[in-house]
Amino acid sequence: MCFALLTSGCANVDYYWQSVSGQLEVWRRERPVAEVLADPAVAQALKDKLARVLEIRAFASRELGLPDNQSYRRYADLERPFVVWNVFAAPEFSVEPLRWCLAFAGCINYRGYFERAAAERFAAELARQGHEVYIGGVPAYSTLGWFDDPVLNTFIHYPDVEIARLVFHELAHQVAYAQDDTAFNESFAATVEQEGVRRWVFRAGDARQLEAFERNRRARTEFAQLVQKVRGRLDALYRTRLAPEAMRERKVAIRAALEAEYRALKAGWGGVDRYDRWFAQQPNNAQLASVGLYTQRVPAFEALLLRERGDLGRFYAAVKELAVLPKERRDELLAQLAPAANQ
């Protein structure tokens, strides 16, 4: 990291410095979960949650073949609602998000900040350049196995199923990581999280929990499909090269249709309203891209898991083989796995 600071431009120096200082602050606040559980001053509700996280953590390695290390065996209270805020940006007439190349992580389609104010300053500068921007709070992130990732107060209050999703997702990033391919990495982790939670809930045998899981899974899938469909409509519009004003008028109409289609889908979700706040922000190109990055390749990974007959070990091995291929070849193979998702 010191080498990166010395060889980067001034703007990157500031960014790397906030990344280093933010990570150091997380480490400073960490305590072993066992120590927190033994502390008489800690509220019992927090202890119960941490004990549940340890069960989820054990399941992740024992049943899902995810890395068995010290990640999620320490706890840190950051005294804020999110650990980082990710900034996404896209041109006014493009559905493709901007990319930034960073040390270790490679080129990614967002920039993460440990302080919301810093994220807002960066987003404001991008907006001044004419880009559409979106800031999303993030409860956890992965250091890709370089360090042990902790349990954080930013997600410890989540329902158990949501904590399981998050832990499985972040641990998946330690299994396989393709340099400069955010959609590949996030879609793989999203697939692992979904399959992991399905197995975790099924093993618990709680009928109500199983029903809630299926309801939320359906909503998540249909929401992602809707966003992908709308991104396709916008992409087709932007390729027409209409005059800017005409383009903007049609863009507004497409966004209005998006909200109408969401309301129709939501009516069949049995009370699931988790995306209301997302739509309340009047989604722009950057916000739509933030969803696409996490779900774009999920159908292909689901097809790959099915091809491997649900064997996660073989699935991980196949994903690792894909991860080291040139991006064009990797995209070609993923498209062959799920051709309908690319139409």
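Positions are given from 1, in the same order as the sequence printed here.
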Pair [X] + [Y], salt bridge at N-O below 4.0 Å:
| X | Y | answer |
| --- | --- | --- |
| Asp331 | Lys327 | yes |
| Lys47 | Asp39 | no |
| Arg208 | Glu211 | no |

Inset, instruction - Please lay out, stage by stage, how Thr295 and Val227 fare under the test side-chain contact (heavy atoms from CB on, under 4.5 Å). - result: CA-CA 10 Å; Thr295 60; Val227 170; over 6 Å; no

Inset, instruction - State yes or no: do Val252 and Leu258 share one hydrophobic cluster built from I, L, V, M, F, W and Y residues joined by side-chain heavy-atom distances below 4.5 Å, directly or via other members? - result: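 No, separate clusters.
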
Legend entry - In one Ile/Leu/Val/Met/Phe/Trp/Tyr side-chain cluster, 4.5 Å: Leu337, Leu306: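 Different clusters: Leu337 never reaches Leu306 through Ile, Leu, Val, Met, Phe, Trp or Tyr contacts under 4.5 Å.
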
Would you please say whether a donor-acceptor pair under 3.5 Å links the side chains of [X] and [Y]?
| X | Y | value |
| --- | --- | --- |
| Tyr262 | Asp276 | yes |
| Gln18 | Asp14 | no |
| Tyr141 | Gln23 | yes |
| Gln174 | Asn69 | yes |
| Tyr238 | Asn285 | yes |

Inset, instruction - Check step by step if side-chain contact (heavy atoms from CB on, under 4.5 Å) holds for Asp148 and Thr143. - result: CA-CA 8 Å; Asp148 296 321; Thr143 57; over 6 Å; no

Legend entry - Audit row: Tyr113, Tyr15, ring-ring contact (aromatic ring centres under 6.0 Å, His included) steps and yes/no: CA-CA 8 Å; Tyr113 289 85; Tyr15 180 73; 5.2 Å; yes

Is the distance between the ring centroids of [X] and [Y] under 6.0 Å?
| X | Y | answer |
| --- | --- | --- |
| Trp278 | Phe223 | yes |
| Phe301 | Phe184 | yes |
| Tyr110 | Trp85 | no |

Inset, instruction - Starting from the C-alpha separation in whole Å, work towards a yes-or-no answer on salt bridge (Lys or Arg N to Asp or Glu O under 4.0 Å) for Asp235 and Arg231. - result: CA-CA 6 Å; Asp235 185 46; Arg231 284 189 72 204; over 6 Å; no

Measuring from atom [atom1] of [X] to atom [atom2] of [Y], what distance do you get when rounded to the nearest 0.5 angstrom?
| X | Y | atom1 | atom2 | value |
| --- | --- | --- | --- | --- |
| Glu222 | Lys229 | CD | NZ | 10.0 Å |
| Tyr275 | Trp269 | OH | CH2 | 6.5 Å |
| Asp273 | Phe279 | CG | CZ | 12.5 Å |
| Tyr316 | Phe188 | OH | CZ | 6.0 Å |
| Thr221 | Arg217 | OG1 | CZ | 5.0 Å |
| Leu98 | Glu132 | CG | CD | 11.0 Å |

Considering only heavy atoms from C-beta outward, does the side chain of [X] approach that of [Y] to under 4.5 Å?
| X | Y | value |
| --- | --- | --- |
| Arg99 | Asp180 | yes |
| Ile163 | Lys49 | yes |
| Leu66 | Leu312 | no |
| Phe88 | Pro97 | no |
| Glu186 | Gln296 | no |
| Glu162 | Arg274 | yes |
| Glu302 | Gln194 | yes |
| Glu92 | His131 | no |

Is it the case that the side chain of [X] and the backbone of [Y] share a donor-acceptor pair, with hydrogens and angles ignored and the cut-off at 3.5 Å?
| X | Y | result |
| --- | --- | --- |
| Arg31 | Tyr75 | no |
| Asn216 | Ala212 | yes |
| Lys251 | Ala246 | no |
| Thr154 | Pro139 | yes |
| Arg215 | Gly271 | no |
| Arg199 | Leu64 | no |
| Thr240 | Leu237 | yes |
| Arg80 | Val83 | yes |
| Arg29 | Asp77 | yes |
| Arg111 | Ala123 | no |

Inset, instruction - Compute both the distance and the angle, then confirm whether Arg203 meets the cation-pi test with Phe59: under 6.0 Å from the six-membered ring centre, within 45 degrees of the axis. - result: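 Relative to the ring axis of Phe59, which defines the angle, Arg203 lies outside at least one limit.
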
Inset, instruction - Check the pair Tyr72, Glu170 against side-chain contact (heavy atoms from CB on, under 4.5 Å), reporting the backbone distance first and the verdict last. - result: CA-CA 10 Å; Tyr72 304 108; Glu170 301 303 339; 2.9 Å; yes

Inset, instruction - Could you walk me through whether Glu35 and Arg74 pass side-chain contact (heavy atoms from CB on, under 4.5 Å), step by step? - result: CA-CA 9 Å; Glu35 179 182 308; Arg74 298 177 69 84; over 6 Å; no

